[in-house]
Amino acid sequence: MKKLLALLLVVAFALSAVACSSQEAQTEPAATDAGTTATDDGTQAETPAGDAAAGDKTLLIGVDPDYSTFDPAAAYEGWAAPVMMALYDTLFRFDAEGEPQPWLVEDYTVEGDGTVYTFKLREDVDFSSGNHMTSADVKFSLDRIKNLQGNPSFLAADIQSVETPDDYTVVVTLGNPDGAFIYKLGAYSFGILDSAVVMENGGVSDETAATADNASQWLTNNSAGSGPYTLASYSPDSQVVLERNDNYWAGPADAKTVTLLDIPDATTQAMMIASGDLDVALGLNADQVSALEGNADVELHYDGTLNMLFLLMNNDPAIGGPMADPKVQQAVRYAVDYAGIQALCGPGSVTPQTIIQVGFFGALEARSTDYTDKEKAKALLAEAGYPDGFEVTFSVITNSTEGIKWLDVAQKVAADLAEVGITANIETMDSTVGYELYRSGQMAFAINAWGPDYLDSNNQLAFLPGETVGLRANWEYEDNPEVADLGKQALGETDPTAREELLVQIQETIKDNSPWLPLAQVGKVTAVRTGISGADYSNAYMIDIYNVTKN
Amino acid sequence: MHFLKYMTRRVIFLLIMLLGVATMVFIISHLVPSDPVVAHLGQRAMSDPEIVAAFRAKWGLDQPLYVQYWRYIQGLLQGDLGTSIRTGNAVTADLAMYWPATFELATFSIILAAILGVGSGIISAVKRNRLADKITRVISIVGVSMPIFWLSLLGLYVFYFKLGWAPGTGRISPTFTPPADVTGFYVIDSILEGDWAKAADCFSHLLLPGFVLAYFTLGLISRTTRSSLLDVLNTDYIRTARAKGVGSGLLIERHAMGNALIPVLTVIGLGFANLLGGMVLVETIFAWPGVGQYAYQSVTSLDFSAIIGVALLIAVIYVVINLVIDLLYGIIDPRVRLQ
């Protein structure tokens with residue numbers, strides 16, 4: 001008996017030793033041996049959908065999320081978007097081109113120099129509770145975002161009043177004209193709540209909401225919307241389960257159940273989609289892609305995003321030192337190897353010329369990678385009085401954007417700058433510490449990232465002199481009043497043609513003269529199993545679950 | 001009576017220690033030159049003084065530090081660990097939700113590690129310097145020296161991806177709904193529901209992360225068992241027993257193991273506590289929704305109450321495990337009881 005036990009133990013250990021010795025196999029691209037385990041993969045692939053009857057399709061999406069709430073007026077995380085857009089409808093919805101189209105709204109007019117919006121609502125919309133949607137729900141939802149004083153409140157900060165002359169008409173009055181208001185209304189924060197249900201659960205929309213509202217916790221575990229899905233359950237750090245709303249006014253979605261599985265490790269996620277345990281993998285990055293290329297069961301989509309990595313060159317000589325000199329700033333622009341940066345940022349990445357990302361209304365076309373010119377950079381440095389270059393501290397927060405580590409990109413930048421004589425000494429720091437320094441304008445030279453708060457170029461004007469982000473580079477209003485005023489004008493311009501002209505003028509002025517250097521809009525890889533369609537990356541929703549179908 | 005006094009002393013010691021841990025972690029987490037506002041508010045919201053003020057007031061961050069500390073300790077004395085800024089739940093509720101996942105995995109893997117570690121340690125000692133000993137020694141050294149995240153990825157790659165023997169990540173396959181919460185152990189709760197297929201599925205999810213964690217600890221257990229048993233086997237009373245003709249199996253079982261187990265028990269206890277405390281990487285790779293992930297998320301978002309809550313939980317675990325080990329000493333070795 002004991003001998004048998006001993007033998008068993010030895011066998012168990014021998015097995016694990018085999019596992020150790022196959023370390024080399026790990027580095028091989030998985031695709032090459034995918035064929036040999038095809039039968040295993042085949043049976044595994046049955047698990048998610050296999051036991052589901054026709055019409056009861058399930059969809060499994062792998063994510064590495066940041067969400068912690070699904071209250072439209074409190075959530076602000078990028079990963080919340082696909083969930084929120086499945087649970088809630090907005091007055092406007094973004095189409096594939098990124099333009100907002102009427103959704104809960106049938107028709108609308110703008111009057112009063114662009115401050116009074118009158119929305120005519122659809123009359124055929126029911127919430128998943130069975131309640132009928134009326135203007136009162138819209139008023140409740142808009143007021144609640146504004147008054148809850150949460151992360152998305154700034155989107156509604158300029159709303160002066162919301163009136164409801166009848167059941168299907170809503171009149172919104174703004175304090176100032178806002179050419180981007182319709183774009184803001186497409187954000188998931190403006191998801192329309194079933195006011196009766198939310199009030200039953202402690203929801204408050206008036207001025208006291210910041211302290212009196214108690215519905216956020218309830219809305220994190222339940223939904224009260226009219227969207228194509230309802231929230232069946234939310235287990236933090238584990239999964240979100242969505243159940244189809246069969247009575248959805250725009251027609252029911254394809255999959256009966258959608259599960260967003262929390263898989264923080266990208267390598268694990270790649271193995272799971274390759275094995276067929278996921279239908280869609282959203283949390284991959286460039287490192288895992290090579291292992292999936294050539295896998296016949298997995299399609300890879302490469303898309304550009306609006307998430308931009310950029311350099312900050314502090315405009316205050318007391319902080320930025322040589323970096324505050326416009327000639328040095330321009331020299332840095334010439335010194336950076338954009339082709340190399342884009343290679344680091346993954347397929348689909350582009351470099352915008354200015355702070356307005358390619359793909360936004362009025363954006364200039366992408367910066368050519370031929371822009372790099374080390375000789376011009378050296379000449380400019382000499383002109384600025386630094387013929388032998390200089391040393392500067394390069395602050396790098398240990399953070400990443402879509403899986404691309406800022407430190408990797410920063411090292412590339414530092415190497416490029418070394419070629420023209422600038423010694424950028426990288427100083428890494430944790431985000432909890434780094435953001436404080438960044439926000440208070442204390443960094444001389446830094447890399448950082450920016451994802452838009454709402455999908456309009458107006459959002460980017462925060463980088464202009466004297467504005468929120470501009471001040472982080474100590475770029476004061478007085479440093480360039482002309483461009484600062486153009487920015488203010490653009491914010492209030494509601495005529496698209498005039499707005500575009502202003503935006504172009506701003507960009508032409510600052511593209512070679514500002515403390516900002518956009519490095520790249522990073523790429524995004526989405527992996528889907530064959531037979532899944534409609535899972536294309538969307539800047540607005542990351543993935544529009546309502547459009548996803550499974551064969 | 002003696003036992004009661006002993007337990008009272010231990011409990012008082014535990015309370016003092018918890019207060020100390022809470023104070024230390026409170027001080028350390030507030031020494032970080034940063035602000036929860038940065039971690040929880042978006043760039044736009046941060047720029048709006050009204051929103052920042054509302055946020056600070058809501059979470060009591062507008063009060064001087066000593067007031068915040070006093071409020072926390074007052075709550076702590078009433079069993080209230082505060083509210084997590086990140087999740088919006090009471091920290092006690094969060095820990096109650098995350099803890100069973102970690103506890104189930106750690107319990108499973110420490111049982112595995114103890115069985116395999118003690119077993120292989122005995123073989124090593126008995127077959128000293130023979131092939132079986134050499135093999136187990138190499139394996140246990142590999143276990144101790146391999147980074148656990150690497151072992152996790154390797155295990156997942158070989159047994160899940162290549163061989164398809166183990167299921168993917170998480171505690172349960174998405175085709176099943178999690179069992180109703182009774183013990184918090186999915187396997188046991190599924191059995192209580194009478195759903196054997198579900199129990200088997202949950203158990204299969206435990207295997208891979210359980211083995212990875214066990215492998216890490218069993219090397220230590222195996223080494224300790226071997227050296228401790230060898231020491232005992234060289235003592236006079238064993239020689240006497242052997243001379244009196246006691247067979248080798250009975251010798252180890254009846255005579256040697258009892259004495260050899262004491263240091264092994266210590267190692268198992270510490271190993272268990274370490275498993276519970278150090279699961280962040282394994283939980284991340286296997287997408288296991290446990291305390292490790294909760295701790296990591298809380299630290300990166302400067303969620304003070306949650307950070308202190310996790311620290312207190314780990315402190316309690318260490319103390320409780322130490323206590324259990326101390327009591328077990330008494331069962332194994334009567335001499336300890338007498339003292």
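Sequence lines set the chain letters: A, B, ... in the order given, protein chains first and strands last, and positions in each chain run from 1. Computed from a predicted model, the values in this text were never measured in an experiment.
- For a residue to count as touching a neighbouring chain, one of its non-hydrogen atoms must lie under 4.5 Å from one of that chain's; by this rule A:D71 does not touch chain B.
- Rounded to the nearest 0.5 Å, atoms CE (A:M272) and OH (B:Y160) are 4.5 Å apart.
- Looking at A:Y438, only its side chain comes within 4.5 Å of chain B, counting heavy atoms on both sides.
- By the 4.5 Å heavy-atom criterion applied to side chains, A:Q149 and B:F55 are not counted as neighbours.
- For the atom pair CG of A:L60 and OG of B:S173, the computed distance is 10.0 Å after rounding to the nearest 0.5 Å.
- Heavy-atom pairs under 4.5 Å with chain A were tallied for B:Y98, B:W288, B:F286; the largest tally goes to B:Y98.
- Going from atom CG of B:L153 over to atom CE of A:M271 covers 5.5 Å, rounded to the nearest 0.5 Å.
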Original post:
How far apart are the C-alpha atoms of A:Y76 and B:L41, what are their side-chain angles, what is the distance that settles it, and do they pass the side chain to side chain contact (heavy atoms under 4.5 Å, CB included) test?
Top reply: CA-CA 9 Å; A:Y76 194 61; B:L41 289 185; over 6 Å; no
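- Interface remark: B:T284 contributes backbone and side-chain atoms alike to the contact with chain A (heavy atom separation under 4.5 Å).
- To the nearest 0.5 Å, atom CG of residue A:D265 and atom OG of residue B:S152 are 9.0 Å apart.
- Side chains of A:D262 and B:P289 form no contact here, defined as non-hydrogen atoms less than 4.5 Å apart.
- Of all heavy-atom pairs between B:L156 and A:T268, the closest is CD2-CG2, 3.3 Å.
- Heavy-atom contacts from other residues, nucleotides or ligands closer than 6.0 Å to CZ of B:F211 number 12 or fewer.
- How far OG of A:S153 is from CD of B:E50: 9.5 Å, rounded to the nearest 0.5 Å.
- With a threshold of 4.5 angstrom between heavy atoms, A:Y435 approaches chain B through its backbone and through its side chain.
- No more than 12 heavy-atom neighbours from other residues, nucleotides or ligands sit within 6.0 angstrom of OH on B:Y296.
- In this structure, A:Q217 and B:N89 approach most closely via the heavy-atom pair NE2-OD1, 2.5 Å.
- In this structure, chain B has no heavy atom under 4.5 Å from any part of A:L471.
- The main-chain N or O of B:R86 is found under 3.5 Å from a side-chain atom of A:S68 such that the two form a donor-acceptor pair.
- In terms of modelled atom types and a separation under 3.5 Å, the side chain of A:N151 and the main chain of B:H40 share a donor-acceptor contact.
- Proximity to chain A is limited to the backbone of B:T300, based on heavy atoms less than 4.5 angstrom apart.
- Only the side chain of B:Q297 comes within contact range of chain A, with at least one heavy atom under 4.5 Å from a heavy atom of that chain.
- The minimum heavy-atom distance between A:G150 and B:I51, with the atom names listed, is O-CD1, 3.7 Å.
- The greatest number of non-hydrogen atom pairs below 4.5 Å with chain B, out of A:L155, A:D453, A:V469, is found for A:D453.
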